[in-house]
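Here is the structure we will look at.
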Amino acid sequence: DRKMELRASVLGISSTELRDKLKSQSFEQIIKQSGFKDKASFHTALIGKMKEELRKRGWDENKIQQFVQKRIDRYSKSSAN
């Protein structure tokens with residue numbers, strides 16, 4: 001799916017490779033192996049990738065910021081639990 005593709009792209013691997021790694025490792029382990037300090041730094045890179053993709057699709061900056069803010073709010077709520 002698209003979510004897996006974006007995550008794999010940020011990690012510098014294919015979505016198939018990511019899927020295979022997830023069978024034997026946690027996502028946090030894969031993130032660290034790919035050079036990210038933690039899940040938050042990976043999430044920052046993922047947001048950057050999503051913004052880039054949305055710009056390519058012709059979204060204006062205001063719409064992108066609204067989308068990103070919703071993602072940040074949702075991520076903040078999930079990491080607080």
Side-chain angles (χ1 to χ4, degrees):
D1 65 3
R2 191 71 185 126
K3 189 175 180 180
M4 184 73 74
E5 283 179 37
L6 283 170
R7 286 179 174 176
S9 175
V10 171
L11 293 170
I13 58 178
S14 71
S15 56
T16 305
E17 190 177 350
L18 177 56
R19 199 172 296 113
D20 290 343
K21 284 185 173 196
L22 285 169
K23 291 176 183 175
S24 62
Q25 299 174 354
S26 72
F27 192 61
E28 286 77 14
Q29 288 173 318
I30 297 168
I31 288 171
K32 289 191 180 201
Q33 288 173 357
S34 297
F36 289 95
K37 180 182 172 187
D38 53 24
K39 203 170 182 178
S41 59
F42 168 79
H43 190 261
T44 300
L46 182 61
I47 292 286
K49 180 70 172 176
M50 288 189 312
K51 287 170 100 173
E52 176 185 319
E53 295 259 335
L54 295 173
R55 281 189 194 102
K56 286 181 186 176
R57 294 180 185 187
W59 286 36
D60 65 56
E61 278 305 311
N62 192 33
K63 190 173 178 181
I64 291 172
Q65 270 314 116
Q66 290 173 352
F67 174 80
V68 167
Q69 191 59 51
K70 286 180 186 176
R71 296 274 310 181
I72 290 170
D73 291 345
R74 191 168 56 212
Y75 178 75
S76 295
K77 287 177 187 174
S78 70
S79 62
N81 293 334

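Computed from a prediction, not measured in an experiment: that's the story for all the values here.
Rounding to the nearest 0.5 Å places CD1 of I31 at 9.5 Å from CG of L46. The distance from atom NZ of K21 to atom CD of Q33, rounded to the nearest 0.5 Å, is 5.0 Å. The distance from atom CD of E5 to atom OG of S14, rounded to the nearest 0.5 Å, is 10.5 Å. Considering OG of S15 and CZ of R2, their distance stands at 10.0 Å, rounded to 0.5 Å. Remark: D60 CG to R55 CZ distance equals 11.0 Å, nearest 0.5 Å. Taken from NZ in K56 to CG in L54, the straight-line distance is 11.0 Å, to the nearest 0.5 Å.
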Please list every donor-acceptor pair under 3.5 Å in which a side-chain atom of residues 63-72 meets a protein atom from a residue at least two apart or in another chain.
residue : atom : partner : partner atom : Å
Q65     : OE1  : K51     : NZ           : 3.4
Q69     : NE2  : D73     : OD1          : 2.9

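Annotation: side chain to side chain donor-acceptor pair (under 3.5 Å) contacts of E52 (sequence neighbours excluded): none. Partners of F36 by ring pair (Phe, Tyr, Trp, His ring centres under 6.0 Å), not counting sequence neighbours, listed by chain and number: F42. In terms of the salt bridge (charged side-chain N to carboxylate O under 4.0 Å, His left out) criterion, E17 has no residue partners (sequence neighbours excluded). Qualifying side chain to side chain contact (heavy atoms under 4.5 Å, CB included) partners for T44, counting only residues two or more places apart in sequence or in other chains: none.
Applying the salt bridge (charged side-chain N to carboxylate O under 4.0 Å, His left out) rule to pairs touching residues 23-44 yields D20-K23, E28-K39, sequence neighbours excluded.
When all heavy atoms of A8 and L18 are compared, the pair lying nearest together is N-CD2, 3.8 Å.
Although no hydrogens or angles enter the test, the distance criterion places a donor-acceptor pair under 3.5 Å between the side chain of S34 and the main chain of I30.
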